[in-house]
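Below, chain A is the first sequence line, B the second, and so on; all start at residue 1.
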2 protein chains.
Amino acid sequence: MVSQNVPQATAERLPLYYRTLQSLVAVGKTRISSSEFGDLVQIDSTTIRKDFSYFGALGRKGYGYDTQYLMDFLRKTLYQDELSKVVLIGVGHLGTALLNHNFQKNNNTKIVKAYDIDPSLIGTEVSGTEVHAMDTLATDDNSDITAAILTVPAAHAQKAAEMALASGIHGFLNFSPTTLSLPATAYVRHVDMTVELQALIYFLNHSMEERNSQ
Amino acid sequence: MVSQNVPQATAERLPLYYRTLQSLVAVGKTRISSSEFGDLVQIDSTTIRKDFSYFGALGRKGYGYDTQYLMDFLRKTLYQDELSKVVLIGVGHLGTALLNHNFQKNNNTKIVKAYDIDPSLIGTEVSGTEVHAMDTLATDDNSDITAAILTVPAAHAQKAAEMALASGIHGFLNFSPTTLSLPATAYVRHVDMTVELQALIYFLNHSMEERNSQ
DNA sequence: AAATGATTGTGAAATGAGTAACAAAAATAA
DNA sequence: TTATTTTTGTTACTCATTTCACAATCATTT
């Protein structure tokens, strides 16, 4: 097995690589060099070669990388070809947007159900996803669920996360502007759009010269 | 003037500090030590002291930090006490969610108008924000606008960004799963929820031991 | 088949970020 | 007032990440 000495920074770039390769394959591009790929994703070509090198020799010298092969390899690495099931908690505007966005298109990831407290939503389908009652969350068996997407108001985020954890979910993608405090068995990623916007404005105000995001 | 030798990593944490301080002030807490603050935001206290130290001596030894003073200082640093005007491009589900979320509550940031192509939306208000026709974007004078939030489908993101740039906007918060290629005068931050979720799942699959996100 | 050019993979160097340790200073207690 | 405790600001260190530089290798051209 590969893994485990792959740096965090590299691991975080893999999804971007994967998504970009999908586009390349889709438009019929069969090979690409690290520098061309780097221009595309706006990451230095050396960084790209080094990232790939953690998984062995994926390219061919003097040729570049086979897009299809590399894409397949990354898919296996990222998802081990299994479908990852995800639940969404909080079918508000943001939650609905995510249900529509619908992850399963490109990835091996699917939102299999949603939870909400609103009685008028419970039992209905939103973008093809069934909405369950929040009450049932803590007692449901969600041990086959990889992660929960939290799109509830800040005030309810902590409680919702605890209920999800009780149901057997250990991964969280938290969109609420709150810090969750959960036991070490949980793994949380925080996406705060307010923070993102503020950071953007800070960089603009302090006119970071040639700095490139992401 | 301060700035310019503030590390990127520090700058990215400032909005989080600011938001947390707002909560503290709101509940009447007048002073806080770096370690208590660190527990709150889940960042090492040394990192916090070091972050603040880039802006001079903001605390008092043996006492800690004055929450109100620190909050005011950060507000000035982040926004220089000016209201930052922002536009939103693409009033779909995600765009609507952001309009509702409404940034102006806590920050000196306001979405002043939105753009969309849908004739049934143009001229209406969504969550109190007027929707303008996409056609008018490129020719509008938006030189007083700090940033554009891009929530259009991937296929339209590049064109929309170019039009916004033409109207005088230089900062972009891009929610579309596409890499924008814009001149160096533009500054782009990319928020890709697909990537975030994929990264989360990767870390879960490769069970990163005690790692903490954010 | 040989020569040329392209491009990878990688060790070494440089940069950047996070952590530990502690002196200096202020607050608080005696 | 004096002693003790708290807590900052900062220097030095460690660890992680990025960039550089280039040999090795393969593709392509002649």
Side-chain angles (χ1 to χ4, degrees), chain A residues 2-14 16-17 21 24 29-67 69-70 73-74 199 203 206 208-214, chain B residues 2-14 16-17 21 24 29-67 69-70 73-74 199 203 206 208-214:
Chain A
V2 174
S3 75
Q4 230 43 295
N5 26 12
V6 177
Q8 165 129 356
T10 296
E12 307 232 346
R13 282 188 291 266
L14 295 182
L16 173 64
Y17 294 159
L21 284 165
L24 289 173
K29 194 157 174 67
T30 58
R31 61 182 269 193
I32 194 165
S33 69
S34 62
S35 57
E36 191 181 352
F37 194 71
D39 288 346
L40 211 54
V41 296
Q42 303 190 42
I43 291 173
D44 191 271
S45 67
T46 310
T47 303
I48 292 196
R49 291 203 299 281
K50 188 143 241 188
D51 282 347
F52 290 155
S53 78
Y54 292 113
F55 300 96
L58 298 177
R60 285 148 67 199
K61 303 188 181 193
Y63 177 91
Y65 298 88
D66 182 289
T67 52
Y69 175 81
L70 194 55
F73 180 87
L74 284 182
F203 284 115
H206 296 72
M208 308 251 55
E209 294 84 277
E210 82 289 55
R211 190 156 287 311
N212 251 330
S213 96
Q214 164 68 229
Chain B
V2 176
S3 74
Q4 232 43 295
N5 26 10
V6 178
Q8 164 127 357
T10 296
E12 308 230 344
R13 282 188 292 267
L14 296 181
L16 172 65
Y17 295 158
L21 284 164
L24 289 172
K29 194 157 177 64
T30 58
R31 60 181 267 195
I32 195 164
S33 70
S34 62
S35 56
E36 191 181 353
F37 194 70
D39 289 345
L40 211 54
V41 297
Q42 302 190 43
I43 290 173
D44 192 90
S45 66
T46 310
T47 302
I48 296 205
R49 291 204 297 284
K50 187 153 220 190
D51 282 347
F52 290 155
S53 78
Y54 292 112
F55 300 97
L58 299 176
R60 283 148 69 198
K61 302 188 182 195
Y63 178 90
Y65 298 89
D66 182 287
T67 52
Y69 175 80
L70 194 54
F73 180 86
L74 284 183
F203 283 115
H206 295 71
M208 307 250 57
E209 295 84 280
E210 83 292 57
R211 192 155 285 312
N212 252 329
S213 90
Q214 149 85 227

Counterpart residues, side-chain contact (heavy atoms from CB on, under 4.5 Å), relative to Asp66(A) (two or more places apart)
Gln68(A), Tyr69(A)
Kindly list each side-chain donor-acceptor pair under 3.5 angstrom involving residues 33-40 of chain B, sequence neighbours excluded, with atom names and distances?
residue  : atom : partner  : partner atom : Å
Ser33(B) : OG   : Ser35(B) : OG           : 3.2
Ser33(B) : OG   : Glu36(B) : N            : 3.2
Ser34(B) : OG   : Arg49(B) : NH1          : 3.0
Glu36(B) : OE2  : Lys29(B) : NZ           : 3.3

Which one, dG18(C), dT18(D), dA20(C), comes nearest to the side chain of Thr47(B)?
dG18(C)
Working to the nearest 0.5 Å, report the span between CG of Leu24(B) and CD1 of Ile32(B).
4.5 Å
Atom-to-atom span, CG of Asn5(A) to P of dT17(D) - whole angstrom
12 Å
Between CD1 of Ile48(A) and C1' of dT19(D) the distance, given in whole Å, is 14 Å
How long is the straight-line distance from OH of Tyr17(B) back to CG of Asp51(B), given to the nearest 0.5 Å?
3.5 Å
Please enumerate all protein N or O atoms sitting under 3.5 Å from an N or O of nucleotides 28-30 of chain D, with distances to 0.1 Å.
residue : atom : partner  : partner atom : Å
dT28(D) : OP1  : Arg31(A) : NH1          : 3.3

Under the rule for ring-ring contact (aromatic ring centres under 6.0 Å, His included), what residues qualify as partners of Tyr65(A), not counting sequence neighbours?
Phe52(A)
Of residues 33-40 of chain B, the positions that come close to DNA chain C - non-hydrogen atoms, cut-off under 4.0 Å
none
Please name all residues satisfying side chain to side chain donor-acceptor pair (under 3.5 Å) with Thr47(B), sequence neighbours left out, ordered by chain then number.
none
NZ of Lys50(B) to CD1 of Ile43(B): how many Å apart, nearest 0.5 Å?
14.5 Å
Between C1' on dT8(C) and OH on Tyr69(A), what's the gap in Å once rounded to a whole number?
14 Å
With side chains defined as the heavy atoms from C-beta onward, is the minimum distance between Phe55(B) and Leu14(B) less than 4.5 Å?
yes
Report yes if some heavy atom in the side chain of Thr67(A) is under 4.5 Å from a heavy atom in the side chain of Leu70(A); otherwise report no.
no
With Ser53(A), which residues qualify under side chain to side chain donor-acceptor pair (under 3.5 Å), at least two apart?
none
Output a table of nitrogen or oxygen pairs between the protein and nucleotides 9-13 of chain C separated by less than 3.5 Å.
residue : atom : partner  : partner atom : Å
dG9(C)  : OP1  : Leu58(A) : N            : 3.1
dG9(C)  : OP1  : Gly59(A) : N            : 2.9
dG9(C)  : OP1  : Gly59(A) : O            : 3.3
dG9(C)  : OP2  : Tyr65(A) : OH           : 2.7
dG9(C)  : N7   : Arg49(A) : NE           : 2.9
dG9(C)  : O6   : Arg49(A) : NH2          : 3.0
dG11(C) : O6   : Lys50(A) : NZ           : 3.4
dA12(C) : N6   : Lys50(A) : NZ           : 3.2

Sequence neighbours excluded, the answer for side chain to side chain donor-acceptor pair (under 3.5 Å) partners of Thr30(B) is none
To the nearest angstrom, how far is Gln8(B) atom CD from dT17(D) atom P?
15 Å
